[in-house]
Amino acid sequence: MTGVKELLQEKDHIFLDFDGPVCDVFAELPSLKVADRLKRLVGPDLPAEVAASADPFDVLEYAVSCGPNAAHVVERQLSRLEGEAVSMISPASGAQETIREWAAQGFTVTIVSNNSVDAIRSFLTLHDLAEQVRRISARSSSDPEQLKPNPTLIEAAMRALGASPGQCVMIGDSAADVLAARAAGVASVALAVTPAKRRSLASVNPDALVGALADLRLAG
Ligand SMILES: [Mg+2]
């Protein structure tokens, strides 16, 4: 989209979603498998839609509705499984180069993600990105209020950086990223790698829409 590089150039702080832009978290350890392992912790009387879901976050949400103990147990196990999942995968194509380029150009890069802080940290360290990423603002508890589409993680990142919303941009591949950014008063760039994603992300009106992370490289 025309103008996306200009939008980026006006900013100082890049907030980057993890699952999607940086890597495909459940590429090797499928999300269905992870969801099923979590279901065992809160089963066997699951609501049909939770029992059928392949999304671990649906199970976490259900566990939260069961009470703080269930929520804590499921969140900790999800965190462990995310750690296992990211140990099996590589960064998305172009992600390392793009993050390194942004850092070299003077942007701060913060990962803003519903995935576990620990899993993200170990992935970044393993792939030599820990130095380029200034902060990780990600899931550290079972509190659903913390997670996107709520703006909490973005607001925490801004506070830690001493930044105002106008200095920041959130880049992510889901509607929750765009909605969280909007709720925090931050510009959003949606990353849509398929026509279907493009349609669904366009419907939440991000400030810009791109087809690849490489479209956000300012050099060249
Ligand atoms: Mg994502």
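Counting starts at 1 for both ligands and their atoms, following the listed order. Numbering of residues begins at 1 and proceeds along the displayed sequence. All of these numbers come straight from a predicted model, not from anything done at the bench.
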*Asks:* Please check if the number of heavy atoms outside Glu61 that lie under 6.0 Å from its CD is greater than 12.
*Replies:*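 No - once you tally the heavy atoms of other residues, nucleotides and ligands closer than 6.0 Å, there are 12 at most.
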*Asks:* Name all residues meeting the side-chain hydrogen bond (donor to acceptor under 3.5 Å, both in side chains) criterion together with Asp19; count only those two or more places apart in sequence or in a different chain, and write none if there are none.
*Replies:*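 Applying side-chain hydrogen bond (donor to acceptor under 3.5 Å, both in side chains) to Asp19 gives none.
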*Asks:* Mind checking side-chain hydrogen bond (donor to acceptor under 3.5 Å, both in side chains) for Gln132 and listing every partner two or more places apart, or none if nothing turns up?
*Replies:*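 So Gln132 forms no side-chain hydrogen bond (donor to acceptor under 3.5 Å, both in side chains) with any residue.
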*Asks:* What protein N/O/S atoms sit under 2.8 Å from the Mg ion (ligand 1), by chain and number?
*Replies:*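 Result, waters dropped: Asp17 OD2, Asp19 O, Asp173 OD1.
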*Asks:* How would you list, by chain and number, every residue that makes a side-chain hydrogen bond (donor to acceptor under 3.5 Å, both in side chains) with Ser116, sequence neighbours excluded?
*Replies:*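 Ser79.
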*Asks:* So which heavy atom on Leu129 is nearest to which on Gln96, and how close?
*Replies:*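 That would be CD1-CG, 3.8 Å.
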*Asks:* Knowing that exactly one of Leu153, Asp118, Val117 qualifies, which makes a side chain to side chain contact (heavy atoms under 4.5 Å, CB included) with Ser140?
*Replies:*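 The residue from Leu153, Asp118, Val117 that satisfies side chain to side chain contact (heavy atoms under 4.5 Å, CB included) with Ser140 turns out to be Val117.
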